[in-house]
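Quick one: this structure, given as structure tokens, is what I'll be asking you about.
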Amino acid sequence: MKIITWNCNGIRARFPLIEKLIENENPDVIFLQETKIEDKIFPSKSFFDLGYNHLFFRGEKSYNGVACISRIPFDDSGYKNWSNLEDCRHIYIRFNELTINNFYVPAGGDIPDINNDKFKHKVSFLLEVESWLSKKPTQRKEILLGDLNIAPLPDDVWSHKQLLNVVSHTPQEVQLLDKILISGNFTDIVRKFYKVPEKVFSWWSYRSKDWKLSNRGRRLDHIWTTKEIVSQTKKVKILKEVRGWEKPSDHVPIIIEID
DNA sequence: ATGGTAGCGAAGCTA
């Protein structure tokens, strides 16, 4: 089973690249974040035409939004609201005994201070996810993936020192993410395939003249699996080259193949 | 310290 996660930053603006990604990789399931589209105008037919007949999505006008695009029928689907907001940052899908959660964690604004409402939202969101995961049984087949908007390791950013006080890499956020990983009994499967101290990024800002040359990236996008799935994982690949495609997202897709 | 770019939707917010 080949699964892709991608913050596409606008499903309409990115549709040609989604088609190209499908053509190149032929995935079974695609999880998207930042679809930026209301449910009533979601391009379902376009995906049916590509052979993906099983869709589940939750979006709002202009912001946020997550989707699951699948060739394989799923047995259950749903979502949760976080921080008492209906801002479409989570869905889950279940294939038989395997549950997959697709998250779009709030970015957190520019100032890493609890008096900043956006940062406060990010922290409260993460605390709620942690509490939710801690109630799940330890042994289970589950994947958590998506844009978590945190680069936890020093080698997940271009400069650990220069980003220590930058939202996405502050010790406070990293601690919260670690807690969530442990509470959910997850493994950071991407780092099993891209070992420290290799620098690994999944996002490069639009605001640089040459993203590749300056290479000031961060690993904001993640795939976590429970222990039960670690040994079944055959391959993980970050599609860095997609950042260089025409009219790219600022994030790149990540692939996981499980047996 | 500042400003750089992109999507959505039609000005300004969010990232």
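FYI, side chains are in, hydrogens and waters are out, and symmetry mates aren't considered; it's all heavy atoms of this structure. Per chain, numbering begins at 1; letters A, B, ... match sequence-line order.
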Do A:Tyr63 and B:dC13 share a donor-acceptor pair, side chain to base, under 3.5 Å?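 Result: at least one qualifying N/O pair found.
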Between B:dC13 (P) and A:His121 (NE2): distance, integer Å: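 Atom NE2 in A:His121 sits about 18 Å away from atom P in B:dC13.
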Does A:Arg207 make a side-chain donor-acceptor contact with the base of B:dA15, cut-off 3.5 Å? yes
Listed by chain and number, what are the side-chain contact (heavy atoms from CB on, under 4.5 Å) partners of A:Ser70, not counting sequence neighbours?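 Testing A:Ser70 for side-chain contact (heavy atoms from CB on, under 4.5 Å), a comparison that skips the adjacent residues, returns A:Val29, A:His54, A:Cys68, A:Ile72, A:Phe74, A:Phe95.
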Gap between atoms NZ and P, on A:Lys122 and B:dT14 respectively (whole Å):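 Result: 15 Å.
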C1' spacing across the pair B:dA6 / B:dA10, given as an integer number of angstrom: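 Going atom to atom, C1' in each nucleotide, I get 16 Å.
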Indicate, with a heavy-atom threshold strictly under 4.0 Å, whether A:Lys61 touches base, sugar-phosphate, or nothing.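 Result for A:Lys61 = sugar-phosphate.
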Closest to the 5' end of DNA chain B, once A:Pro106 and A:Pro248 are matched to their nearest nucleotides, is A:Pro248
Tell me the interatomic distance from A:Trp6, atom CH2, to B:dG7, atom P, rounded to whole angstroms.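 Answer to the nearest Å: 11 Å.
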Return the value, rounded to whole Å, for the distance between atom CG of A:Asp117 and atom P of B:dC13.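 After rounding, the reported distance stands at 15 Å.
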Would you say that more than 12 heavy atoms from the other residues, nucleotides or ligands in this model lie under 6.0 Å from the NZ of A:Lys234, or not?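 Buried by this count: over 12 neighbours within 6.0 Å.
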How long is the line joining CG of A:Leu17 and C1' of B:dG7, in whole Å?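 Rounded to whole Å, this separation is 14 Å.
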Exceeds 12 heavy-atom contacts within 6.0 angstrom, atom CD of A:Glu246: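 Incorrect, the count does not exceed 12.
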So A:Arg218, base contact, sugar-phosphate only, or nothing? Heavy-atom distance under 4.0 Å.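 Counting heavy atoms under 4.0 Å across all strands, no contact is made by A:Arg218.
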Can you check the distance between B:dT14 and B:dG4, where both ends of the measurement are the C1' atom (answer in whole Å)?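 Pairwise C1' distance, B:dT14 against B:dG4, rounds to 16 Å.
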5' priority, DNA chain B, between A:Gly109 and A:Lys36 [closest heavy atom]: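 Its nearest nucleotide being more 5', the pick is A:Lys36.
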Check A:Lys141 with A:Glu97, please: is the shortest side-chain N to carboxylate O separation under 4.0 Å? yes
Considering only B:dA6, B:dC8, B:dA15, which nucleotide approaches the side chain of A:Tyr206 most closely? B:dA6
Between A:Lys2 and A:Asp28, is the closest basic N to carboxylate O distance under 4.0 Å?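 No, this pair does not count.
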A:Leu32 atom CG is separated from B:dG7 atom P, nearest whole Å, by 15 Å
From CD1 of A:Ile41 over to C1' of B:dG7, roughly how many Å is that when rounded to an integer?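 In whole Å, B:dG7 C1' lies 13 Å from A:Ile41 CD1.
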Give me the distance, rounded to whole Å, that separates B:dG9 from B:dA15 when you measure between the P atoms they each carry.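 Result for the P pair: 15 Å, nearest Å.
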A:Leu85 CG to B:dT14 P, straight-line distance once rounded to whole Å: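 Result: 12 Å.
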Using the C1' atoms only, state how far B:dA11 lies from B:dG7, rounded to an integer number of Å.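 After rounding to an integer number of Å, I get 14 Å for this pair.
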Taking the side chain of A:Arg12 as its heavy atoms from C-beta onward, which of B:dA15, B:dG9, B:dG7 lies nearest to it?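 From the listed options, B:dG9 comes nearest.
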